[in-house]
Amino acid sequence: MESTSPSNFLHAIIARDLASGRVSEVVTRFPPEPNGYLHVGHAKSICLNFGLAQAFGGRCNLRFDDTNPGKESPEYVASIQEDVRWLGFEWSGPVRYASAYFQQFYDWAVHLVEQGHAYVCDLDAEQAREYRGTLTQPGRNSPCRERPVRENLDLLARMKAGEFDDGSRVLRAKIDMASPNMNLRDPILYRIRKLAHHQTGSDWCIYPTYDFAHGQEDAIEGITHSICTLEFEDHRPLYDWLLEHLPVPSRPRQYEFGRLNLNYTVTSKRKLGQLVDEGVVDGWDDPRLPTISGMRRRGFTPRAIRRFCDMIGVTRSDGVVDVAMLEHAIRDDLNENAPRAMCVLRPLKVVLTDYPADRTDWLTAPNHPTRAELGQRTLPFTRELYIDADDFREAASKKFKRLVLGKRVRLRNACVIEADEVVMGGDGAVAEVRAHTIADTIGKDPADGSKPRGVIHWVSATGGRRARVRLYDRLFHHQAPDRGENDFMALVNPDSLQLVSDAWIEPSLAEALPEQNFQFEREGYFVADRYEHSAEAPVFNRTIGLRDTWNDGP
Ligand code: ATP
Ligand code: MG
């Protein structure tokens with residue numbers, strides 16, 4: 001499977017576990033919290049978890065880690081499922097919810113209390129912080145630590161029954177307040193939160209913490225390899241402690257890998273949510289966001305995203321990946337697979353004075369330069385055409401290999417023309433170029449041996465169609481928008497979106513299906529907008545230019 005290369009260190013661990021018989025089947029899970037849309041970092045985790053299960057003939061669950069109702073919503077539950085499927089993966093069995101295990105978690109909390117391994121603590125947040133100690137100083141035992149089991153059971157039941165206010169009490173594991181690992185200093189297992197939950201409604205007013213819930217979710221589902229990002233490495237002793245002290249049905253193990261960070265990008269649901277909420281972008285699926293739905297609308301393909309995740313590999317260190325690598329993966333995929341078409345973004349009219357007004361020649365053009373199986377299309381060729389305003393100069397040096405007054409150029413997929421004169425508009429700019437065709441030059445050089453200076457794209461003015469085109473650029477002009485002291489909201493690129501309302505497209509493009517990808521020749525890769533494109537009102541989004549213009553030196 002393309003998504004899991006053998007160089008991935010987890011691949012080697014699983015191969016060993018299967019060979020030694022430690023596990024007989026690989027079961028992984030992708031465990032998002034439904035508190036935002038998935039982003040490119042999650043894509044790495046999805047490719048990893050689903051990819052490993054596929055590589056070893058195992059299973060991968062999709063489980064919502066929905067233990068924190070305050071920030072979660074059904075909208076996110078739905079979008080996450082759609083994104084995982086779009087990336088090309090299917091989970092094993094039903095969608096799972098941590099919230100479906102709430103009663104089991106509670107029963108296990110009671111078990112810990114009964115065994116003397118947990119207690120109800122009345123310290124408020126500030127006192128708890130004080131008692132916790134620091135990295136260099138041990139913590140102190142809470143005055144509630146030696147509460148009798150019976151009193152703890154009673155208080156826990158009353159927490160559950162809603163007798164106490166939010167924040168007034170918590171359930172804590174009784175481990176070691178002097179542990180050098182802060183996560184083992186009597187960590188919180190349950191908090192009181194009088195909040196309705198999107199799955200369980202008002203059934204609960206106490207909710208388990210991530211640390212208490214996660215390993216138990218894994219154990220309930222029979223997960224063999226619980227893969228998470230490196231910041232959870234110090235939580236692993238607690239993960240194991242809980243599994244050891246509870247009568248769980250299986251013993252998962254946690255493994256950590258380095259999260260994906262991309263330069264020029266923010267990958268945090270909270271920060272992405274802020275860009276959405278403050279209207280910097282147009283929703284979670286804005287094509288400028290590194291959300292999976294944003295990348296989709298931008299025209300990225302699932303195959304390119306999977307290939308990118310494969311390219312960056314899986315290691316045990318946190319690094320920053322150059323976003324140019326992601327762009328490279330997209331370009332590579334689209335270069336190979338996207339049909340070619342012509343679109344003029346800044347139309348300048350060319351009138352072919354030797355060509356009758358009532359004549360249309362239908363030319364054929366291949367959809368792909370090297371893949372004949374992608375077929376061909378027909379292009380109307382007429383007296384009035386549009387070329388790009390940047391492709392014409394009245395006078396220019398030899399370096400300008402496009403149309404110049406008195407000189408020749410080849411029209412892509414058509415004939416050679418020569419510019420004769422310009423018609424100026426009221427604004428002092430060239431409004432129209434008058435030119436003539438050179439006979440018998442479709443697919444051939446002119447008979448007199450004069451080679452045209454270059455090749456430019458064009459669209460018939462009378463046979464083409466108007467389109468709206470959105471030119472996207474990177475959302476941040478700073479390579480580390482959220483690093484250190486940087487305020488990412490202040491580093492937004494003001495030119496990340498340019499709207500072109502009167503681009504001109506060849507007629508076959510109007511028939512494009514939403515989400516169909518193209519290379520607009522000489523311009524870049526574009527996609528028919530997923531929601532707004534129609535034959536009557538075509539809309540295209542620029543996925544990426546043909547070349548990386550950000551890394552071009554001066
Ligand atoms: P965020 O910080 O964006 O909210 P998160 O880690 O809180 O991310 P979760 O919904 O908890 O988001 O993540 C689901 C899974 O995706 C977790 O296993 C997490 O480790 C993984 N994940 C999240 N961000 C990244 C990333 N940048 N690179 C790799 N994996 C990631
Ligand atoms: Mg999170």
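Values in this document were obtained by computation on a predicted structure and should not be read as measured data.
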N337 vs R371, side-chain hydrogen bond (donor to acceptor under 3.5 Å, both in side chains): CA-CA, chis, key distance, verdict: CA-CA 9 Å; N337 298 301; R371 295 182 57 193; 2.8 Å; yes

CA sep, side-chain torsions, deciding dist, call: Q81, L62, side chain to side chain contact (heavy atoms under 4.5 Å, CB included): CA-CA 8 Å; Q81 295 179 53; L62 172 62; 3.9 Å; yes

Steps toward side chain to side chain contact (heavy atoms under 4.5 Å, CB included) verdict (Q54, F89): CA-CA 10 Å; Q54 271 175 3; F89 298 104; 3.9 Å; yes

Chi angles and distances behind the ring pair (Phe, Tyr, Trp, His ring centres under 6.0 Å) call for F540, F520: CA-CA 10 Å; F540 289 89; F520 288 174; 5.3 Å; yes

Verdict with reasoning, E33 to Y76, per side-chain hydrogen bond (donor to acceptor under 3.5 Å, both in side chains): CA-CA 9 Å; E33 184 182 357; Y76 303 138; over 6 Å; no

Please lay out, stage by stage, how H328 and D332 fare under the test side chain to side chain contact (heavy atoms under 4.5 Å, CB included). CA-CA 6 Å; H328 175 78; D332 244 26; 4.0 Å; yes

Please assess F476 against Y264 for the test ring pair (Phe, Tyr, Trp, His ring centres under 6.0 Å), listing each intermediate value before the final yes or no. CA-CA 6 Å; F476 296 99; Y264 294 100; 9.2 Å; no

Evaluate side chain to side chain contact (heavy atoms under 4.5 Å, CB included) for F488 paired with Q274, printing each intermediate quantity in order. CA-CA 10 Å; F488 70 100; Q274 197 177 334; 3.5 Å; yes

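Annotation: side chain of L546 is in contact with side chain of Q519 (closest heavy-atom distance under 4.5 Å). Side-chain atoms of I505 and V459, non-hydrogen and from C-beta on, never get closer than 4.5 Å to each other. Contact check for I330 versus Y525: no side-chain heavy atoms found under the 4.5 Å cut-off. Using a 4.5 Å cut-off on side-chain heavy atoms (C-beta onward), S450 and R408 make contact. Looking only at side-chain heavy atoms (C-beta outward), V492 and L275 come within less than 4.5 Å of each other. The shortest side-chain heavy-atom distance between L38 and F30 falls under the 4.5 Å cut-off. Residues I223 and V27 meet the side-chain proximity criterion, which asks for heavy atoms closer than 4.5 Å. The shortest distance between side-chain heavy atoms of V350 and F392 does not fall below 4.5 Å.
For R306 (side chain) and L87 (main-chain N/O), a donor-acceptor pair under 3.5 Å exists by modelled atom type. Here the side chain of D487 pairs a donor or acceptor atom with the backbone of M489 at under 3.5 angstrom. Judged purely by atom type and a 3.5 angstrom limit, D318 uses its side chain to pair as donor or acceptor with the backbone of R259. The closest donor-acceptor contact from the side chain of R434 to the backbone of E421 lies at 3.5 Å or more, if one exists at all. No donor-acceptor pair closer than 3.5 Å links the side chain of R530 to the backbone N or O of E515. In this structure, R331 contributes its side chain and I544 its backbone to no donor-acceptor pair below 3.5 Å. Checked by atom type and distance alone, the side chain of N263 never pairs as donor or acceptor with a backbone atom of A480 at under 3.5 Å. Listed for the H436 side chain is no donor-acceptor partner under 3.5 Å among the backbone atoms of Y355. When atom types are taken as modelled, the side chain of N49 and the backbone of S45 share a donor-acceptor pair closer than 3.5 angstrom. Without hydrogens or angle criteria, T543 side chain to R298 main chain gives a donor-acceptor distance under 3.5 Å.
Taking CH2 of W86 as the reference point, atom CD1 of I305 lies at 4.0 Å (rounded to 0.5 Å). Summarising the geometry, atom OG1 belonging to T28 is positioned 11.5 Å from atom CD1 belonging to I46; distances are rounded to the nearest 0.5 Å. Atom CD1 of residue I456 and atom CD1 of residue I387 lie 4.0 Å apart, to the nearest 0.5 angstrom. Atoms CD and CG, on Q498 and L471 in that order, are 5.0 Å from each other to the nearest 0.5 Å. K349 contributes atom NZ, which lies 4.0 Å from atom CD of E384 (distance to the nearest 0.5 angstrom).
Partner of D529 under the salt bridge (charged side-chain N to carboxylate O under 4.0 Å, His left out) criterion, out of R542, R297, R468: R297 alone. Checked against C415 for a side-chain contact (heavy atoms from CB on, under 4.5 Å), the options T437, L363, I438 give a single hit: T437. Looking at L348, I417, D391, L411 one by one, the single match for side-chain contact (heavy atoms from CB on, under 4.5 Å) with W458 turns out to be L411.
Counting all heavy atoms, side chain and backbone alike, E523 lies closest to C343 at CG-O, 4.3 Å. The two residues S226 and R29 come nearest to each other via the heavy atoms OG-NH2, 3.2 Å. I312 and M325 get closest at one heavy-atom pair: CG2-CE, 3.8 Å. When all heavy atoms are compared, the tightest approach of E394 to V404 is O-CG1, 3.7 Å. Counting all heavy atoms, side chain and backbone alike, T291 lies closest to W284 at OG1-O, 2.7 Å. Residues R410 and K444 share a closest heavy-atom pair of NH2-O, 2.6 Å.
A salt bridge links D390 with R346: the distance from a Lys NZ or Arg NE/NH1/NH2 to an Asp or Glu carboxylate oxygen falls below 4.0 Å. Using a cutoff of 4.0 Å between basic side-chain nitrogens and carboxylate oxygens, E511 and R377 are not scored as salt-bridged. Salt-bridge annotation for R340 and E506: absent, with no side-chain N of the basic residue lying under 4.0 Å from a carboxylate O of the acidic one. Using a cut-off of 4.0 Å between Lys/Arg side-chain N and Asp/Glu carboxylate O, E336 and R303 are scored as not salt-bridged. A salt bridge does not link D65 to R63: none of the charged nitrogens lies less than 4.0 Å from a carboxylate oxygen.
A distance below 6.0 Å separates the ring centres of F56 and H11.
By the 30° and 60° cut-offs, the orientation of the rings of Y210 relative to H214 is parallel.
Defined by atom type and a distance below 3.5 Å, a donor-acceptor pair is present between the side-chain atoms of E231 and T229.
Legend: residues meeting side chain to side chain contact (heavy atoms under 4.5 Å, CB included) with E233, ordered by chain and number and at least two apart, are L230, R236, E256, R316.
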